[in-house]
Amino acid sequence: MGREAENATSVTITPDGPLLLPGPVEVTLPDGTVVTSRRFTVALCVCRRSRIYPWCDTSHRRRTKNAKETR
């Protein structure tokens, strides 16, 4: 493994869920605001339904599949 791989950040993509990252993390929002989470594992919302965006609040679980997705 090269030096870059040793310093790489691990990101876990979950099906129909958040991105999981080892914490702590700082996230820069589109408006330039920087928010921080010091948790051991941080769940970042990718569906944008979270009431505490950019953090995941499991709002994605309430999503229902439309007829196209169930075929």
Side-chain angles (χ1 to χ4, degrees):
M1 278 191 187
R3 185 177 176 103
E4 291 174 4
E6 292 174 13
N7 296 324
T9 299
S10 174
V11 177
T12 303
I13 299 172
T14 58
D16 299 321
L19 288 178
L20 301 176
L21 301 134
V25 298
E26 284 188 351
V27 177
T28 303
L29 301 175
D31 67 0
T33 304
V34 176
V35 292
T36 304
S37 175
R38 304 215 179 277
R39 298 185 75 153
F40 180 74
T41 299
V42 179
L44 288 180
C45 175
V46 292
C47 72
R48 299 194 61 101
R49 289 180 173 87
S50 176
R51 290 187 189 114
I52 57 171
Y53 184 82
W55 319 120
C56 178
D57 68 359
T58 68
S59 291
H60 60 273
R61 292 181 185 167
R62 292 188 292 275
R63 180 177 150 202
T64 58
K65 292 185 177 188
N66 64 29
K68 268 188 181 176
E69 292 177 317
T70 57
R71 290 183 196 170

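Both backbone and side-chain heavy atoms feed into the values below; hydrogens, waters and symmetry mates do not. The first residue of the sequence shown is numbered 1, and numbering continues consecutively from there. Source: prediction; values computed, not measured.
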- Message: With clusters defined by side-chain heavy atoms of hydrophobic residues (ILVMFWY) lying less than 4.5 Å apart, directly or transitively, does Leu20 cluster with Ile52?
- Response: no
Exercise: identify the closest heavy-atom pair between [X] and [Y]:
{"X": "Pro18", "Y": "His60", "value": "CD-CE1, 3.7 Å"}
{"X": "Trp55", "Y": "Ser37", "value": "CH2-CB, 3.6 Å"}
{"X": "Leu29", "Y": "Pro54", "value": "CD2-CG, 3.9 Å"}

In Å, rounded to the nearest 0.5 Å, how long is the span from [atom1] of [X] to [atom2] of [Y]?
{"X": "Leu44", "Y": "Leu21", "atom1": "CG", "atom2": "CG", "result": "5.0 Å"}
{"X": "Arg51", "Y": "Cys45", "atom1": "CZ", "atom2": "SG", "result": "12.0 Å"}
{"X": "Thr12", "Y": "Leu19", "atom1": "OG1", "atom2": "CG", "result": "9.0 Å"}

- Item | Flag if over 12 foreign heavy atoms under 6.0 Å of CD1, Ile13 | no
